[in-house]
Amino acid sequence: MHQVFGTGYSVAEVARTYGGAQKVIYKIDCKNGFACVLYVWDLSRNYFQEEVLNDPAFQRSYGSHLFAMNNRYLRQHGVQTPALYDLNNKKDRHPFDFALVEYIEGQKAEAYFHHEDPKVQDELFHRIGSMLSNMHAIERDYYGNADFDGSNDRPCSEAQRKHAEMSLSYAFEHMQDVRESYSTLLDKLYELEADIEPGSRYSFIHGELGPDHILIDSKMQPYLIDIEGAGFFDPEHEHSFLELRFGEFYRYLRNNNLDPKRMMFYRYCHHLSLTAGGLKLLHRHFPDQQFAKSLAEYHARCAIQIATGRNR
């Protein structure tokens with residue numbers, strides 16, 4: 001703190017905030033009233049360490065270099081995200097990268113799902129919708145990270161399908177319902193992928209945008225957080241996830257110009273990914289075990305319902 005801000009910024013309190021699965025987060029309060037956030041990218045404390053090392057889908061969404069790049073890119077394009085004050089990736093004193101980031105005083109967007117004033121809800125979710133429309137309007141004709149300068153000879157849906165296959169294999173090992181429906185679930189994945197045409201224009205998307213990844217400040221302004229996985233991809237990937245996470249409030253975020261077949265493919269992939277993700281959090285002792293268990297069970301039911309055409 002002294003090196004970055006000066007000797008007047010003495011630490012009064014450091015408190016860990018819980019919820020993140022891929023990085024460790026602390027709030028730092030100074031004696032002079034200033035507050036900021038410390039991000040720590042310590043792979044040994046990442047609940048998806050194995051996947052980061054072996055799964056390309058996770059490699060594209062973990063690391064301080066991705067955070068710094070996307071922070072800069074979003075802010076350059078007028079999309080609000082907390083400011084990056086300082087990033088240390090030298091590993092000269094610690095075996096991990098860490099950053100000091102702006103602290104946004106406020107709540108996550110999910111807190112406004114049950115706000116008592118519908119006018120406040122309406123104003124806020126319209127603002128979120130405008131922010132996302134502006135971000136998704138940033139387009140180019142090849143997918144990948146913001147700094148990727150080249151072309152891709154395979155559709156981006158292929159990478160998503162491969163990740164879904166791995167997710168389904170993991171769930172097969174640990175869930176009886178998935179084991180019983182495995183062939184049907186896998187066939188449905190291939191069927192949905194075969195039903196879509198590759199895209200030709202890609203939007204800049206967050207990649208895992210739930211209402212817990214949007215902070216709302218005291219002036220009702222939204223800020224995106226957990227931005228490491230942002231990049232250019234099919235917008236249907238983002239919107240199918242938004243639809244899952246925002247429920248009835250998705251009406252403020254809806255884009256009516258999307259491909260419904262691609263939306264269904266990505267929605268199905270999300271269900272499979274979240275089934276495996278919940279199981280991994282459960283097996284790797286995530287603090288909220290009930291959340292992890294419920295996450296896996298709910299999305300397994302959803303995937304089976306889509307694959308079989310019946311409720312389970």
Side-chain angles (χ1 to χ4, degrees), residues 1 4-6 8-41 61-64 66-88 97-117 120-136 138 146 204-230 238 241-242 245-246 249 252-253:
M1 294 294 289
V4 175
F5 299 110
Y9 291 79
S10 296
V11 175
E13 184 178 3
V14 178
R16 181 174 177 181
T17 63
Y18 288 90
Q22 293 214 59
K23 62 179 176 287
V24 188
I25 304 171
Y26 302 88
K27 183 191 174 198
I28 300 176
D29 289 292
C30 293
K31 293 177 182 178
N32 64 1
F34 177 77
C36 68
V37 175
L38 171 67
Y39 286 167
V40 177
W41 288 272
S61 62
Y62 176 77
S64 65
L66 293 173
F67 175 81
M69 175 183 67
N70 290 329
N71 183 278
R72 181 172 60 253
Y73 192 83
L74 286 168
R75 291 170 68 85
Q76 286 174 347
H77 286 81
V79 181
Q80 294 193 119
T81 188
L84 172 59
Y85 295 137
D86 185 73
L87 172 65
N88 188 310
D97 298 347
F98 57 96
L100 293 173
V101 179
E102 179 184 10
Y103 172 69
I104 303 298
E105 182 74 50
Q107 301 182 88
K108 295 179 179 180
E110 60 190 358
Y112 289 84
F113 284 174
H114 308 289
H115 198 278
E116 60 186 13
D117 189 342
V120 171
Q121 286 181 324
D122 189 65
E123 178 184 354
L124 172 65
F125 287 102
H126 268 122
R127 287 185 179 182
I128 294 174
S130 295
M131 176 181 69
L132 297 185
S133 293
N134 292 338
M135 181 174 70
H136 294 159
I138 307 168
F204 194 78
I205 68 171
H206 179 279
E208 193 184 9
L209 189 53
D212 53 335
H213 291 156
I214 303 175
L215 291 177
I216 311 301
D217 72 5
S218 59
K219 297 179 181 178
M220 297 288 289
Q221 296 298 320
Y223 289 74
L224 294 182
I225 60 171
D226 293 337
I227 57 173
E228 288 91 325
E238 185 101 297
F241 195 77
L242 291 169
R245 295 298 313 280
F246 279 82
F249 292 95
Y252 293 97
L253 319 178

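- Between Phe125 and Tyr112, the distance from one ring center to the other does not fall under 6.0 angstrom.
- Here the closest non-hydrogen pair linking Ala68 and Leu87 is CB-CD2, 3.8 Å.
- Rounded to the nearest 0.5 angstrom, Leu100 CG and Leu38 CG are separated by 6.0 Å.
- To the nearest 0.5 Å, atoms CD (Glu228) and CE (Met69) are separated by 10.0 Å.
- Distance alone, capped at 3.5 Å, is enough to place a donor-acceptor pair between the Thr81 side chain and the Leu224 backbone.
- At distances below 3.5 Å, at least one donor-acceptor pair connects side-chain atoms of Asn71 with backbone N or O atoms of Pro82.
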Using the side chain to side chain contact (heavy atoms under 4.5 Å, CB included) rule, take Ser64 and Lys23 through it: C-alpha gap first, then chi angles, then the decisive distance, then the call. CA-CA 10 Å; Ser64 65; Lys23 62 179 176 287; over 6 Å; no
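- Between the side chains of Asp97 and Tyr39, no donor-acceptor pair of N or O atoms lies under 3.5 Å.
- At a threshold of 4.5 Å between non-hydrogen side-chain atoms, the residues Ser10 and Lys31 count as touching.
- Side-chain atoms of Asp29 do not come within 3.5 Å of backbone N or O of Ala35 as any donor-acceptor pair.
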Check against ring-ring contact (aromatic ring centres under 6.0 Å, His included), Tyr85 and Phe5: CA-CA 9 Å; Tyr85 295 137; Phe5 299 110; 5.3 Å; yes
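- Using modelled atom types, no side-chain atom of His213 and backbone atom of Ala109 make a donor-acceptor pair closer than 3.5 Å.
- Remark: the backbone N or O of Ile227 is paired with a side-chain donor or acceptor of Asn70 at under 3.5 angstrom.
- Residues His115 and Gln107 form no side-chain contact, since every pair of their non-hydrogen atoms from C-beta on lies 4.5 Å or further apart.
- One distance of note links NE2 of His206 with CE of Met131; it measures 9.0 Å at 0.5 Å rounding.
- The distance from atom CG of Asp217 to atom OH of Tyr103, rounded to the nearest 0.5 Å, is 11.5 Å.
- Side-chain contact check for Leu242 versus Leu132: some heavy-atom pair is nearer than 4.5 Å.
- Taking 4.5 Å as the limit, some side-chain heavy atom of Arg245 sits within range of a side-chain heavy atom of Asp212.
- One finds the CD atom of Glu123 at 4.0 Å from the CZ atom of Arg127 (value rounded to the nearest 0.5 Å).
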Going through the checks in order, is the side chain to side chain contact (heavy atoms under 4.5 Å, CB included) test met by Lys108 and Leu215? CA-CA 4 Å; Lys108 295 179 179 180; Leu215 291 177; 3.7 Å; yes
Between Tyr9 and Val4, is the side chain to side chain contact (heavy atoms under 4.5 Å, CB included) condition met? List the steps. CA-CA 9 Å; Tyr9 291 79; Val4 175; over 6 Å; no
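- For Phe204 and Tyr73, the distance between ring centers is under 6.0 angstrom.
- Glu208 is not listed as a side-chain neighbour of Asp226, based on a closest heavy-atom distance of 4.5 Å or more.
- Of the possible polar contacts, one joining the Gln80 side chain to the Pro222 backbone as a donor-acceptor pair under 3.5 Å is found.
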Verdict with reasoning, Arg75 to Leu84, per side chain to side chain contact (heavy atoms under 4.5 Å, CB included): CA-CA 10 Å; Arg75 291 170 68 85; Leu84 172 59; over 6 Å; no
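- Atoms CZ and CD1, from Phe249 and Ile128 in turn, are 10.0 Å apart once rounded to the nearest 0.5 Å.
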